Every structure is written in C-alpha cells, then in structure tokens.
Engineer: 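First the structure, then my questions, so here it is.
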Amino acid sequence: MSTPELIDPYQRKVSYLRVSVTDRCDFRCYYCMAEEMTFLPKKELLTLEELDRMCSTFVDMGVTKLRITGGEPLVRKGIMTFFQSMSRHLKSGALKELTLTTNGSQLSRFAKPLYECGVRRINISIDTLNAKKFGEITKRGDFKKVMDGIDAADKAGLKIKLNAVALKGTNDDELHDMVEWAGKRGFDLTWIEVMPMGDMGEADRLSQYWPLSDIRKQLNDRWTVENIPLNTGGPATYVRIKETGGRVGFITPLTHNFCESCNRVRLDCQGQLHMCLGQEDDADMRKVLRDNPGDNQPLRDAINTAIARKPKGHDFDYSRQQIQGEMRRHMSHTGG
Ligand code: SAM
Ligand code: SF4
C-alpha cells in the first residue's frame, strides 16, 4: 500500500507537523512573553496520551517530520515518555525525523535521552553570547546552564542549529562574534526576523525590527559569503561563510514571502490545528479527540477537512511603518 499524503488546495504536500506541547516556559524572552504570564490550566492542554494519538494519526496520514516545541518543550512534565513513545515511528520508518526547538536550559539532563529516542538534530535558541545581555533578554534565563546544555547536546552527538532573533539595539553588535563562534563549534546559525506575535506595543515591535537584508550586507563587509542553492520546503535560506565553513541562515517572514513552498501545519498546546502561523483560522482537534475515544476515523476526517482550508499565505507586513496582519496569539502558545 502506498503512503497516504496530505495535499492542500494549492497542491502543497503537508509532511511536517510542529507541535507545541506546553505554553509554559522557564524564560520570559521579552519579544515572546510578558513577564507576568497567565498560563493555561492543565485540563486545557492535550495530555501526553492525546498528543501521542494526534501525532501518530498525522504520521499515519503521511507526516514524516515532527518538531516538538512550546513554550519550552523540555519543561513539560513527562515529556521524555512522549519522545520515547514517538521513537516507535522512527523505528518503523514511517517518521523520518523527530526533532525539537528548545531554549537549551534542560539539555544537560535530556540531551542523551533525546539521542537515545532517535533525535539527531535540534534547534537551540540563543540570541546573545553575553551573559548579562542574556539575562536581560530572557529575564529568568541562566546563561551558563544554556551553555552547558549546548555542550551536552554536542557531546551526545546531536547536530545543533542555533536560532537567534535579530533585535535592533540588542544583539546587532554581536553578529560577527556569533557567526565566528557558531562556525568554530560547527553549528549552523539562523537569524529570525522578529515577528508581530503576542501583545507587545506596536512602537516596541517596530523599534526592535532589524531586517535581515541588513545582516546580509554586514556579513559581506567582514566575511567571504558564498550562496548556497535554495533548499525548498523550509522558510530559511542559507549562505556559507568561507572562513569558518559554517552556514548562516535567514528566516525572513516579513521581507520575503516563503509561503509558496510551505509544507507544514502546527498543533498548539490546546489541540487547535493552525494551518498557517500568520492567519487566525484553526481547527479544534481536541474536541474531536475527546468526543471519539478509541475511534480515529473522525480525527482523520477532521484533519482532511482542515488541510483543505490551508490558506495560500500570511499577511504580515511592516513595509508601511505599521504592522499589518498582526496576530493575537503568543508564539509560545502556537509554537515557534
Ligand atoms: N522555548 C523554545 C525556544 O525558545 O527555542 C521553543 C519555543 S520558542 C516560541 C521558538 C522560537 O520562536 C525561538 O527561536 C524564539 O526565539 C522564537 N520567537 C519567539 N517569539 C518570537 C517573535 N516575536 N519573533 C520571532 N521569533 C520569535
Ligand atoms: Fe520561552 Fe522560547 Fe518564548 Fe523564550 S522564546 S520565552 S525560551 S518560549
């Protein structure tokens, strides 16, 4: 029997599911969360069993890549049980990649067990190499703990990609240091433009905005930058830095529209399926799960119906010096 495929109305194959397993986090990065956050009550979240059922159904329907995110996925109680359980889909060959995006704070404990569950690559978010600045950005983060976590992940054999949010006035003076450090350590480094998520003031957001076109220009001033052919399916484009051999990526949701190659959907921690990060439309999978214990057909039908509604693209736009298409949701809720 051939593997089923999820195809959206624009003939894009949906093979990648990102799952937010919690809205909670041990950090309060200023572009992501307010300092005083009210988190969801536990009953609102999908249980680990529900997450398993949901992800397994997607895998059964043709999803081959699963990224676990949050909030901070590694602060979700019992999350390693979930990873262990998902590893069965890697063993069967149905799932090609099981991965996660993390702030690195828990990696000292979890890097090795993650590797043992079949995780081979992870994204670690770090916006600065300066411990003081790190404290200011994350409010509660412990820089040393994250650095130890990165070392532990490296030692465990996990391939590391670093994600840095480009923040004018905050880390724009560290571009070359970060490129050099990541290159030396053998990590890819991807810069992400700050997106209009959550409920921060418009003035703040615009003043933080450091366009990646500017980063590209600055890279050329210091390094020999080699273009790498476009890799399809993901939002990042990459260049290689000749001197370090490392790759530097750019995720430019605001200056470059990558929607035409979008292959993903997102499940938030309450079980709402978001067909596009930049549109409000979602589909309530939790209700379908809870209304139909032991019968996955209604869930499959609901997934098919939702995919048939996947929109062509998002409407984020800073170009007229005001934010259009702004989302009410926090990134930590939907998963970055
Ligand atoms: N806690 C984990 C972490 O920080 O990697 C996973 C969740 S976090 C929401 C996922 C990614 O979203 C991180 O790389 C973070 O920097 C990014 N992010 C959060 N808020 C953002 C924003 N407003 N604009 C752009 N990226 C953002
Ligand atoms: Fe937490 Fe990640 Fe958001 Fe920072 S970006 S507050 S680490 S969820």
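Keep in mind that the numbers below use all heavy atoms, side chains included, and drop hydrogens, waters and symmetry copies. Only a predicted model underlies this, so the values are computations on that prediction, with no experimental measurement involved.
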Engineer: Can you confirm whether E5 sits close enough to M61 that some side-chain heavy atom of one is under 4.5 Å from a side-chain heavy atom of the other?
Structural biologist: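 They are not in side-chain contact.
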Engineer: Write down the atom of M275, the atom of P311, and the distance for their closest heavy-atom approach.
Structural biologist: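 Shortest heavy-atom contact: CB-CD, 3.9 Å.
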Engineer: Looking only at heavy atoms, which two atoms of R28 and A34 are closest? And how far apart?
Structural biologist: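 Result for this residue pair: CD-O, 3.4 Å.
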Engineer: Residues in side chain to side chain donor-acceptor pair (under 3.5 Å) with R76, at least two apart?
Structural biologist: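 Residues passing side chain to side chain donor-acceptor pair (under 3.5 Å) with R76: none at all.
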Engineer: Output the distance between atom CG (L95) and atom OG (S87), rounded to the nearest 0.5 Å.
Structural biologist: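 If I round to the nearest 0.5 Å, the distance is 10.0 Å.
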Engineer: Using a strict cut-off of less than 4.0 Å between a Lys/Arg side-chain nitrogen and an Asp/Glu carboxylate oxygen, indicate whether D268 and R18 qualify as a salt bridge.
Structural biologist: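 Judged by the 4.0 Å cut-off on N to carboxylate O distance, D268 and R18 do not form a salt bridge.
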Engineer: So, using side chain to side chain donor-acceptor pair (under 3.5 Å) as the criterion, who are the partners of D214 when residues are at least two apart?
Structural biologist: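 Once residues adjacent in sequence are excluded, the partners of D214 under the side chain to side chain donor-acceptor pair (under 3.5 Å) criterion are W210, Q218.
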Engineer: What's the spacing between K310 NZ and I7 CD1 if we round to 0.5 Å?
Structural biologist: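 Result: 12.0 Å between the selected atoms.
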Engineer: Given side chain to side chain donor-acceptor pair (under 3.5 Å), test N171 with T128 step by step and report yes or no.
Structural biologist: CA-CA 6 Å; N171 60 5; T128 175; over 6 Å; no
Engineer: Check whether D8 reaches the backbone of Q11 with its side chain - one donor and one acceptor, N or O, closer than 3.5 Å.
Structural biologist: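 Such a contact is found between D8 side chain and Q11 backbone.
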Engineer: Considering non-hydrogen atoms only, spot the tightest contact between V59 and A94 and give its length.
Structural biologist: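 Closest heavy-atom pair between V59 and A94: CG1-CB, 3.6 Å.
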Engineer: Report yes if the side chains of L175 and W191 come closer than 4.5 Å at any heavy-atom pair, otherwise no.
Structural biologist: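 L175 vs W191: side chains touch.
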Engineer: Nearest 0.5 Å please: distance from the CG atom of L40 over to the CE atom of M37.
Structural biologist: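 Interatomic distance, L40 CG to M37 CE, rounded to 0.5 Å: 8.5 Å.
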Engineer: Restricting to pairs with a member in residues 134-155, which pass ring pair (Phe, Tyr, Trp, His ring centres under 6.0 Å), not counting sequence neighbours?
Structural biologist: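 Sorted pair list: F27-F134, F134-F143.
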Engineer: Using the test side chain to side chain contact (heavy atoms under 4.5 Å, CB included), find all partners of D291 that sit at least two apart in sequence or belong to another chain.
Structural biologist: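 With sequence neighbours excluded, D291 shows a side chain to side chain contact (heavy atoms under 4.5 Å, CB included) to K287, given in chain and number order.
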Engineer: How about I307 and V265: do any of their side-chain heavy atoms sit closer than 4.5 Å?
Structural biologist: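 Yes, their side chains come closer than 4.5 Å.
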Engineer: Just to verify, what does T64 make a side chain to side chain donor-acceptor pair (under 3.5 Å) with, not counting sequence neighbours?
Structural biologist: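 Testing T64 for side chain to side chain donor-acceptor pair (under 3.5 Å), a comparison that skips the adjacent residues, returns none.
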Engineer: Same cluster for L158 and L90 if Ile/Leu/Val/Met/Phe/Trp/Tyr side chains link at under 4.5 Å?
Structural biologist: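 Yes, L158 and L90 fall within the same hydrophobic cluster.
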Engineer: Which is it for Y31 and D127 under the side chain to side chain donor-acceptor pair (under 3.5 Å) test, yes or no, and what are the steps along the way?
Structural biologist: CA-CA 11 Å; Y31 49 76; D127 304 324; 2.5 Å; yes
Engineer: Can you find a heavy atom in the side chain of E44 that is under 4.5 Å from one in the side chain of C269?
Structural biologist: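 Not in contact.
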Engineer: Kindly indicate whether the side chain of R24, heavy atoms from C-beta on, has any atom under 4.5 Å from the side chain of E72.
Structural biologist: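 No; the side chains remain at least 4.5 Å from each other.
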Engineer: R240 pairs by side-chain contact (heavy atoms from CB on, under 4.5 Å) with which of I228, D188, V248, V225?
Structural biologist: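 Passing option: I228.
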Engineer: Has the side chain of D172 got a donor or acceptor atom that lies under 3.5 Å from a matching backbone atom of G169?
Structural biologist: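 Yes, the answer is positive, given that a donor and an acceptor are paired below the 3.5 Å cut-off.
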Engineer: Among all residues two or more places apart in sequence or in another chain, which pass the side chain to side chain contact (heavy atoms under 4.5 Å, CB included) test with K184?
Structural biologist: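 Partners of K184 by the side chain to side chain contact (heavy atoms under 4.5 Å, CB included) criterion, ordered by chain and then number, come out as E180.
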Engineer: side-chain contact (heavy atoms from CB on, under 4.5 Å) between Q272 and L267: does it pass, once the steps are laid out?
Structural biologist: CA-CA 6 Å; Q272 307 298 311; L267 186 73; over 6 Å; no
Engineer: Determine which pairs satisfy ring pair (Phe, Tyr, Trp, His ring centres under 6.0 Å) with at least one residue from residues 73-100, sequence neighbours left out, and list them in order.
Structural biologist: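 Residue pairs passing ring pair (Phe, Tyr, Trp, His ring centres under 6.0 Å), neighbours aside: none found.
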Engineer: Same hydrophobic cluster for L114 and L48, using side-chain heavy-atom links shorter than 4.5 Å among ILVMFWY?
Structural biologist: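 Result: yes, single cluster for both.
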Engineer: Looking only at non-hydrogen atoms, find the nearest pair between V194 and Y209 and report the distance.
Structural biologist: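 Where V194 meets Y209 most closely, the heavy atoms are CG1-CA, 4.0 Å.
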Engineer: Determine, for R121 against E97, whether the closest basic-nitrogen to carboxylate-oxygen distance falls under 4.0 angstrom.
Structural biologist: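 A salt bridge is present here (some side-chain N lies under 4.0 Å from a carboxylate O).
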Engineer: Following the transitive rule for hydrophobic clusters with a side-chain heavy-atom cut-off under 4.5 Å over Ile, Leu, Val, Met, Phe, Trp and Tyr, establish whether V75 and I122 coincide in one cluster.
Structural biologist: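 No, because V75 and I122 fall into different hydrophobic clusters, even though each may have its own neighbours under 4.5 Å.
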Engineer: Would S105 and N103 count as a side chain to side chain donor-acceptor pair (under 3.5 Å) if you check the C-alpha gap in whole Å, the side-chain angles of each, and the deciding distance to 0.1 Å?
Structural biologist: CA-CA 6 Å; S105 70; N103 65 22; 3.0 Å; yes
Engineer: Would Y238 and F250 count as a side-chain contact (heavy atoms from CB on, under 4.5 Å) here? Give the steps.
Structural biologist: CA-CA 6 Å; Y238 285 96; F250 308 92; over 6 Å; no
Engineer: Among all residues two or more places apart in sequence or in another chain, which pass the salt bridge (Lys or Arg N to Asp or Glu O under 4.0 Å) test with K77?
Structural biologist: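 Salt bridge (Lys or Arg N to Asp or Glu O under 4.0 Å) list for K77, sorted by chain: empty.
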Engineer: Tabulate below the donor-acceptor pairs under 3.5 Å that side-chain atoms of residues 147-154 make, not counting sequence neighbours, or state none.
Structural biologist:
unit_1	atom_1	unit_2	atom_2	d
D148	OD2	K144	NZ	2.8
D151	OD1	R185	NH1	3.1
D151	OD1	R185	NH2	2.9
D154	OD2	R185	NH2	3.3

Engineer: Between Q106 and D26, do the side chains contain an N or O donor and an N or O acceptor separated by less than 3.5 Å?
Structural biologist: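 Yes, a side-chain donor-acceptor pair sits under 3.5 Å.
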Engineer: For the residue pair A283 and A306, what are the closest heavy atoms and their distance?
Structural biologist: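 Where A283 meets A306 most closely, the heavy atoms are CB-CB, 3.8 Å.
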Engineer: Could you verify whether a donor N or O on one side chain and an acceptor N or O on the other, from R266 and T69, lie under 3.5 Å apart?
Structural biologist: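 No, T69 and R266 have no side-chain donor paired with an acceptor closer than 3.5 Å.
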Engineer: N163: what forms a side chain to side chain contact (heavy atoms under 4.5 Å, CB included) with it, not counting sequence neighbours?
Structural biologist: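 Result, side chain to side chain contact (heavy atoms under 4.5 Å, CB included) vs N163: T101, N123, S125, K161, T190, I192.
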Engineer: Establish, yes or no, whether the cationic atom of R67 lies under 6.0 Å from the six-membered ring centre of Y16 and within 45° of the ring axis.
Structural biologist: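 Not flagged: R67 not positioned over aromatic ring of Y16.
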Engineer: State whether R300 and D60 are salt-bridged, where the test is any N-O pair (Lys NZ or Arg NE/NH1/NH2 against Asp/Glu carboxylate O) under 4.0 Å.
Structural biologist: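 Salt bridge: yes.
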Engineer: Can you check whether L17 reaches V19 side chain to side chain, under 4.5 Å on heavy atoms?
Structural biologist: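 When only atoms from C-beta onward are counted, V19 and L17 do touch, with a gap below 4.5 Å.
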Engineer: Looking only at non-hydrogen atoms, find the nearest pair between I124 and L107 and report the distance.
Structural biologist: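 Looking at all heavy atoms of both residues, the closest pair is CD1-CD1, 3.5 Å.
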Engineer: Is the NZ atom of K112 crowded by more than 12 outside heavy atoms at less than 6.0 Å?
Structural biologist: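 Incorrect, the count does not exceed 12.
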Engineer: Decide, yes or no, whether a salt bridge links R222 with E243 under the criterion of side-chain N to carboxylate O below 4.0 Å.
Structural biologist: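 No salt bridge links R222 with E243.
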Engineer: Check this for me, if you would: do K133 and E174 make a salt bridge, where the nitrogen-to-carboxylate-oxygen distance has to be below 4.0 angstrom?
Structural biologist: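 Counted as a salt bridge, because a side-chain N and a carboxylate O are separated by less than 4.0 Å.
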Engineer: CE/M33 to NZ/K139 distance, rounded to the nearest 0.5 angstrom?
Structural biologist: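 NZ of K139 is found 12.0 Å from CE of M33.
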Engineer: Working to the nearest 0.5 Å, report the span between CZ of R12 and CG of N263.
Structural biologist: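 Going from the CZ atom of R12 to the CG atom of N263 covers 9.5 Å.
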Engineer: Hey, could you give me the OG1/CD distance between T170 and E136, rounded to the nearest 0.5 Å?
Structural biologist: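 It comes to 8.5 Å.
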Engineer: Between R53 and E49, does at least one N-O distance fall below 4.0 Å, as a salt bridge requires?
Structural biologist: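 Looking at E49 together with R53, the answer is no, because their closest N to O distance does not fall below 4.0 Å.
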Engineer: Is any side-chain heavy atom of R290 less than 4.5 Å from a side-chain heavy atom of E50?
Structural biologist: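 Of all side-chain heavy-atom pairs linking E50 with R290, at least one is under 4.5 Å.
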Engineer: What I'd like to find out is whether the side chain of V179 reaches to under 4.5 Å of the side chain of L189, using heavy atoms alone.
Structural biologist: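 Answer yes - side chains close enough.
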Engineer: Filter on ring pair (Phe, Tyr, Trp, His ring centres under 6.0 Å), then keep only pairs touching residues 97-123, sequence neighbours left out; what's left?
Structural biologist: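 Checked against ring pair (Phe, Tyr, Trp, His ring centres under 6.0 Å) - neighbours excluded - no pair reaches residues 97-123.
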Engineer: Holding to side chain to side chain contact (heavy atoms under 4.5 Å, CB included), I want the full list of residues that pass it with P113, two or more places apart in sequence or in another chain.
Structural biologist: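 Per chain and number, P113 pairs via side chain to side chain contact (heavy atoms under 4.5 Å, CB included) with M80.
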